[in-house]
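As structure tokens, the structure follows; a few thoughts come after it.
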Amino acid sequence: MSEKPREIIISKEDAVFWMDKNGDWHNEHGKFEHPKIIKYFNASIKKDKNGYYIHQVTDEYDEKVYFSYEDTALFVFDIKVNKNIILTLNNNDTIKFDPKQLFTRDDNLYIQTSEHQVKFKDRALLKISKFMEEKNGQLLFKLEGKTYPVQ
């Protein structure tokens, strides 16, 4: 019978990396530049009752590193439009889009799910902008003949 890997938990105060308001990873040496490392970190984002963490499991350990972030830990990276609109997040999760959950803050677009507040990255924002319009100072989302005010 195989032995359970040793559990390692690192608090966000002790983490040596963090995420900025644009979803970019940093450490004491600066912004992460290597695409494979960035992709690995993003794909490893999980959440529990204590917050967001990077999860890594090997034969020897099961590690959770809670990390600090400036705005939100999850970002919409891509959008697929077919019968439904599906949002792909930086951690590779997908969520079905609900326009009633859209809101703006500080000139940024977000979607609020039951578990997460998710910010749209530039690429995703460009793709979804074709459904948006402004009328009398109110941002609106239009889909299939229906109009939804963005909070």
Side-chain angles (χ1 to χ4, degrees), residues 1-82 84-132 134 139-141 143 148-151:
M1 188 161 85
S2 66
E3 199 173 299
K4 188 176 177 184
R6 178 172 61 104
E7 187 174 66
I8 300 170
I9 298 175
I10 298 173
S11 71
K12 68 179 174 182
E13 294 78 22
D14 292 329
V16 295
F17 53 83
W18 62 92
M19 183 184 280
D20 70 15
K21 66 182 178 179
N22 299 312
D24 296 320
W25 292 100
H26 297 261
N27 64 16
E28 65 182 1
H29 304 290
K31 182 177 163 183
F32 289 14
E33 298 293 337
H34 197 286
K36 285 184 179 179
I37 292 172
I38 294 165
K39 188 174 183 175
Y40 179 81
F41 268 66
N42 283 335
S44 301
I45 296 172
K46 306 284 183 230
K47 182 182 180 188
D48 65 16
K49 63 180 173 50
N50 297 315
Y52 290 98
Y53 61 92
I54 297 297
H55 191 223
Q56 180 174 235
V57 178
T58 70
D59 291 339
E60 298 164 12
Y61 59 86
D62 181 343
E63 181 182 54
K64 287 182 175 183
V65 181
Y66 292 90
F67 61 93
S68 296
Y69 51 91
E70 290 181 348
D71 187 1
T72 183
L74 295 179
F75 291 79
V76 178
F77 267 27
D78 200 11
I79 295 171
K80 300 283 188 250
V81 180
N82 39 32
N84 296 306
I85 296 177
I86 302 298
L87 308 178
T88 302
L89 308 185
N90 53 329
N91 67 350
N92 296 322
D93 285 354
T94 57
I95 56 175
K96 187 176 172 186
F97 177 73
D98 179 355
K100 295 178 207 137
Q101 297 173 323
L102 284 175
F103 70 96
T104 61
R105 184 177 69 228
D106 299 327
D107 293 328
N108 294 291
L109 185 66
Y110 298 81
I111 191 160
Q112 182 68 54
T113 71
S114 60
E115 296 179 41
H116 310 286
Q117 180 175 285
V118 186
K119 186 176 183 179
F120 283 75
K121 289 282 281 184
D122 293 346
R123 178 178 175 204
L125 194 54
L126 281 173
K127 285 186 171 186
I128 203 145
S129 67
K130 69 181 178 180
F131 299 100
M132 313 275 292
E134 186 177 351
L139 189 58
L140 304 170
F141 185 87
L143 182 64
Y148 304 87
V150 178
Q151 305 303 313

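Worth knowing before you read on, the calculation uses all heavy atoms, side chains too, and leaves out hydrogens, waters and symmetry mates. One-based numbering along the sequence shown.
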Check: When rounded to the nearest 0.5 angstrom, what is the spacing between CG in Asp98 and CD1 in Ile111?
Finding: 6.5 Å

Margin query: So, taking the atom named CG in Asn84 and the one named CD1 in Ile95, what distance separates them when rounded to the nearest 0.5 Å?
Written below: 12.5 Å

Which heavy atom in [X] sits nearest to a heavy atom in [Y], and how many Å separate them?
X      : Y      : value
Leu140 : Pro149 : CD2-CA, 3.8 Å
Tyr66  : Ala15  : O-CB, 3.3 Å
Pro5   : Asp59  : CB-O, 4.0 Å
Phe75  : Met19  : CE1-SD, 3.6 Å
Asn42  : Asn90  : CB-O, 3.0 Å

For [X], all residues meeting ring-ring contact (aromatic ring centres under 6.0 Å, His included), sequence neighbours excluded:
X      : value
Tyr52  : Tyr69, His116
Tyr61  : none
Phe131 : Phe141

Output all residues satisfying side chain to side chain contact (heavy atoms under 4.5 Å, CB included) with [X], sequence neighbours left out; order by chain, then residue number.
X      : answer
Phe103 : Arg105, Tyr110, Gln112, Gln117, Gln151
His34  : Lys36, Ile37
Asp20  : Asn22, Asp24, His26, Glu70
Ser129 : none

Margin query: For a quick check under 3.5 Å, do Asp93 and Asn91 share a side-chain donor-acceptor pair by atom type?
Written below: yes

Next item on the list: State plainly whether the residues Lys80 and Asp78 are in salt-bridge range, i.e. N to O under 4.0 Å.
Entry: yes

Check: Can you pull the salt bridge (Lys or Arg N to Asp or Glu O under 4.0 Å) pairs that have at least one residue in residues 44-56, sequence neighbours excluded?
Finding: Asp48-Lys64

Suppose we screen for side-chain hydrogen bond (donor to acceptor under 3.5 Å, both in side chains). Which residues come up paired with [X], at least two apart in sequence or across chains?
X      : value
Asp62  : His55
Lys100 : none
Arg123 : none
Lys119 : Asp71

Item checked: Residue from Trp18, Tyr40, Phe67 passing ring pair (Phe, Tyr, Trp, His ring centres under 6.0 Å) with Trp25 -> Phe67

Check: Has the side chain of Asn27 got a donor or acceptor atom that lies under 3.5 Å from a matching backbone atom of His29?
Finding: yes

Note to self: Are Phe17 and Phe41 an aromatic pair, judged by ring center distance below 6.0 Å?
What the structure shows: yes

Check: With a cut-off of 6.0 Å (strictly less than), are more than 12 heavy atoms of other residues, nucleotides or ligands near CG of Asp107?
Finding: no

